[in-house]
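Chain A is the first sequence line, chain B the second, and so forth, proteins listed ahead of strands; every chain is numbered from 1.
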Amino acid sequence: MKIASVIVDVPTYGTNKPFDYLIPEKWEDVIQRGMRVIVPFSGRRVQGFVIQLKDESTVSELKEIVEPMDVHPVLNDELLHLGNKLADETLCLTLTAYQVMLPPALKAKYEKYITLNEDGIRHLPDSLGKLLLEKEEILWNEGEKLVGAAFLYKGVKKGWIDVRYEVKDKGRKKLVEYFRPAMDRPPFIENVSSASRLGKVQKLLIEFYLSDFRPHSTSELTNRFGNVRGSLLSLERIGLLKKESFEQYRDPYQHRVFAKTTPLPLTVDQKRAIHPIIQTIEKNIHRVFLLYGITGSGKTEIYLQSIQQVIQKGKEAIVLVPEISLTPQMVERFKGRFGEKVAVLHSGLSIGEKYDEWRKIQRKEVQVVVGARSAIFAPFENIGIIIIDEEHETTYKQDETPRYHARDMAIERGKIHRCPVLLGSATPSLESFARAQKGVYQLLTLEKRMNEKGLPEVEVVDMREELRKGNRSMFSELLLEKMMERLLKGEQIVLLLNRRGYSSFVMCRDCGNVLQCPNCEISLTYHKVSNEVKCHYCGYETRTPNECPTCGSEHIRFFGSGTQKVEEELGKLLPEARTIRMDVDTTRKKGAHEKLLEAFQQKKADILLGTQMIAKGLDFPNITLVGVLTADTMLHIPDFRASEKTFQLLTQVSGRAGRHELPGEVVIQTYTPEHYSIQLAKNQDYRQFYLREMGIRKNGQYPPYYYLVQIQVSHDNLQLVVATMEKIVRFLRARLSNRVLILGPSVAPIAKIKNKYRYQCLIKYKKEPNLLEVLRKVQEMFHRNQNQKGVSITIDLNPYTLM
DNA sequence: AGCACGCCGACT
DNA sequence: GTCGGCGTGCTC
């Protein structure tokens, strides 16, 4: 076993295969599969993943591994397998697949240094020469700032300077420095008295140690005595103290106390649902369950008690929730039940915090992970259950490479570990519910709310009617009336509006011109606070013009309403109401989300106004009214899932009301009250919606009847984009069977983003065994061309948004 | 991705 | 005859 196959950290399709390296004798016992190593590659050093150890190679002249980067493998055999499968099925690089399974702290970082050569100094400008003489070696970027990249390349070529690459390990454990007495107390005292002159501070420190003969951290001593690190180091030099570092976990929840909870008695419904899950846990068999339970029916308690069972068997559990920073309440429930056994992984954590949580898992210090999408790759080795809450959420599909779906990964891992996968939702995705109907998944249902209260009363208000009555405000009479009622009673209100900013677009009333982003094919959104118009796609922003840029007219009007405008209108209509606004603009800062929700929970506000981020998981007893300001914003986006998403959103947000003692009411305002997703959401009739929508999908040849692949091409040259897309479509038509539908080439729904034109095609199919192979060829074909022209193509299997 | 190699135009 | 532009192909 002297040879290692390595996937190198060079993200191109040309290098997407293992390279063999000799293992130097000194590392022979150390290097294992799944470790990261540093290897020489085409004249420089790069990081790589060892995927195999072997005795022979077909390559004759092998180079040697420079050194390992890990003491223990970061990917075990299961994860290596999972990564290969992921790369295969989503058409991404093996390297990219491995990287997505690891915390970002373990991603290699390279640093480029320059050093001075013999008589190079004579040729260099003073600024650079002086710096190099002083420091011997500087970062390439520093040099570039001084003299420009072109000059540096020249210098390298002429041999005046040398370039050196270094692979940096970003994985920084947080270390805390301690000083402890270097010996036991009696010899310590002896040594102190025999030591030659000690400084004043040093004496002080020695005295302190004698009074408290233990290790003390540098920060503790600094707090007590001022900056004494120098003196501590002197004491170390003369052998009295010894410096040590301990790893310390960063705990994102360290300031929170989680009230301990105990298992609640289950209802008859819940008992019936949990029984088959417990059985599969006991018998160690893999099965996928779809837990369809209406909002407030107690799905979480089923999760908790299943996990309890798993932990008792000495196994581990993974729980996925949609973007967890949004639901601190969820974390609380898991930490409350399982305390220290829980690790939390989500995008709100810093790189260091994610790394620490990951290490707790790797070291088996926890048995439960609660996290967002990527937590599905938690390096557990003995999984007893995988739970995906709010199974229908689109965030489980990553919308950048690698475009994997957490549900697929969960099922793959469930098979390997022979354990159940539990998908839970009040509004299951059509895909999953259809599978449950076919018996591929086992359906478990909870049809009753736990509090024995019915679902909240839902009223649909026709906003066209309001307009006819002369009401031009954002609020119907009914909603306003109900809001005032709640304010008097001191109960709380949630208002949902699917649009941030102030108004959705800015139009000239004289010429009809709508302000557009210069880089994207998208209208600009008006933000009143800053008096700017912004593009929500590329971030472009500019001052709102006073006159129309095309015709010069001053009659500029703002159309549509965003959260900012509603907030303002609320201030006028109900000046006594206290409002909290929650959207990407007010929750950008770390922890802001949690703070706003906490304030609402403590009744520091009467109204919580927000975009769809408020629709999920909120569980506050005092909310008795939910208002949806415009239910149809989502309905008319060009996406075959628009109805499904609208139905889900309305159902979810309605579920926020009346979860506890007080009965809840919901008011849905819409311009299309007759639409079935609004009518059926009003009745909370999922099954009827399912049947209706399935009929439409069947007719339109959409999922779950057909599988979908989306191919997009983008570049700043429109002709090139069209030509490339046409070429791809011709290629596909030639290679795929005639049962496959190929739609396009067509303009993407957003025709231009960040100055790049976008074209796309859609592939619909039921069964096409060689599809992956053909798609891989498309990809390879265009990676050759990519170098020349820079056209980027993306292939998305089972896309979730068609934008 | 980065790097060498090689071919061709521009200039000492 | 040399320097430097960048298209091409390779990296164990």
Side-chain angles (χ1 to χ4, degrees), chain A residues 1-25 27-28 31-69 80 87 92-100 104 107-115 117 120 123 139-141 143-144 147-168 170 400-402 715 717 720 779-794:
Chain A
M1 298 297 198
K2 291 194 180 70
I3 292 169
S5 282
V6 174
I7 298 290
V8 290
D9 181 24
V10 179
T12 57
Y13 285 84
T15 49
N16 188 29
K17 56 169 187 173
F19 288 83
D20 289 348
Y21 287 90
L22 283 172
I23 302 173
E25 213 169 307
W27 301 124
E28 253 181 68
I31 288 177
Q32 296 166 42
R33 279 156 67 96
M35 272 187 186
R36 296 171 306 152
V37 289
I38 295 173
V39 292
F41 192 71
S42 163
R44 68 212 143 103
R45 287 173 173 196
V46 300
Q47 190 198 84
F49 290 92
V50 176
I51 55 160
Q52 205 179 42
L53 298 180
K54 52 189 186 179
D55 288 314
E56 288 174 1
S57 172
T58 49
V59 182
S60 51
E61 293 199 16
L62 296 181
K63 291 186 179 168
E64 284 193 341
I65 287 179
V66 179
E67 57 177 343
M69 293 180 76
L80 281 172
C92 75
L93 299 168
T94 311
L95 175 77
T96 316
Y98 291 165
Q99 281 172 345
V100 80
K107 211 171 150 184
K109 198 179 148 222
Y110 298 92
E111 269 172 4
K112 206 173 175 184
Y113 293 95
I114 47 183
T115 52
N117 256 348
H123 307 279
L139 282 169
W140 174 280
N141 284 349
E144 195 175 316
V147 298
F151 184 85
L152 292 184
Y153 285 121
K154 190 173 161 190
V156 176
K157 221 164 196 179
K158 298 276 188 184
W160 304 333
I161 50 177
D162 272 333
V163 182
R164 193 173 65 82
Y165 283 90
E166 201 171 307
V167 185
K168 286 264 167 178
K170 269 199 293 188
E400 54 194 59
T401 350
H715 190 262
N717 178 342
L720 190 60
Q779 205 172 39
E780 275 166 25
M781 218 164 80
F782 287 91
H783 279 288
R784 234 160 262 147
N785 287 6
Q786 205 174 36
N787 294 346
Q788 290 165 15
K789 295 164 184 169
V791 190
S792 86
I793 75 161
T794 54

In whole angstroms, how far is the P atom of B/dG2 from the CG atom of A/Asp9?
10 Å
Could you check how far CZ of A/Arg45 sits from C1' of C/dT11, rounded to whole Å?
16 Å
Check whether the side chains of A/Glu780 and A/Tyr13 place a donor and an acceptor atom closer than 3.5 Å, and report yes or no.
no
Compare the aromatic ring of A/Phe41 with the six-membered base ring of C/dC12 and state whether they stack according to the 5.5 Å and 30° rule.
no
Determine the minimum heavy-atom distance between A/Gln47 and A/Lys107, stating which atoms define it.
NE2-C, 4.4 Å
Whole angstroms only, please: what is the CG-P distance between A/Leu93 and B/dA1?
10 Å
In whole Å, what is the span from the NZ atom of A/Lys107 to the C1' atom of B/dA1?
13 Å
Heavy-atom closest pair, residues A/Cys92 and A/Thr401:
CB-CG2, 4.0 Å
Output the distance between atom CG (A/Asp9) and atom CZ (A/Phe41), rounded to the nearest 0.5 Å.
10.5 Å
Kindly list each side-chain donor-acceptor pair under 3.5 angstrom involving residues 17-25 of chain A, sequence neighbours excluded, with atom names and distances?
residue : atom : partner : partner atom : Å
A/Asp20 : OD1  : A/Ser5  : OG           : 2.9
A/Asp20 : OD1  : A/Lys54 : NZ           : 3.2
A/Asp20 : OD2  : A/Lys54 : NZ           : 3.0
A/Asp20 : OD2  : A/Ser57 : OG           : 2.6
A/Tyr21 : OH   : A/Pro40 : O            : 2.7

Expressed as a whole number of angstroms, how long is the span from A/Glu61:CD to C/dT11:P?
11 Å
Between CD on residue A/Glu67 and CD1 on residue A/Ile38, distance to nearest 0.5 Å
4.5 Å
With a 4.0 Å cut-off on heavy atoms, is A/Pro40 in touch with a base, just the backbone sugar-phosphate, or nothing at all?
sugar-phosphate
With a non-hydrogen cut-off below 4.0 angstrom, is A/Tyr21 in contact with a base, only sugar-phosphate, or nothing?
sugar-phosphate
So what stems show up for DNA chain B if we need 3 or more Watson-Crick or G-U pairs in a row, all under 3.5 Å?
B:1-11 with C:1-11
What's the spacing between A/Ile7 CD1 and A/Thr15 OG1 if we round to 0.5 Å?
9.0 Å
Whole Å only: how far is the NZ atom of A/Lys17 from the P atom of C/dT11?
7 Å
Atom CZ of A/Phe19 and atom C1' of B/dA1: how far apart are they, to the nearest Å?
12 Å
Whole-Å distance between B/dA1 P and A/Ile7 CD1?
17 Å
Tell me which nucleotide among B/dG2, C/dC12, B/dA1 gets nearest to the side chain of A/Lys63.
C/dC12
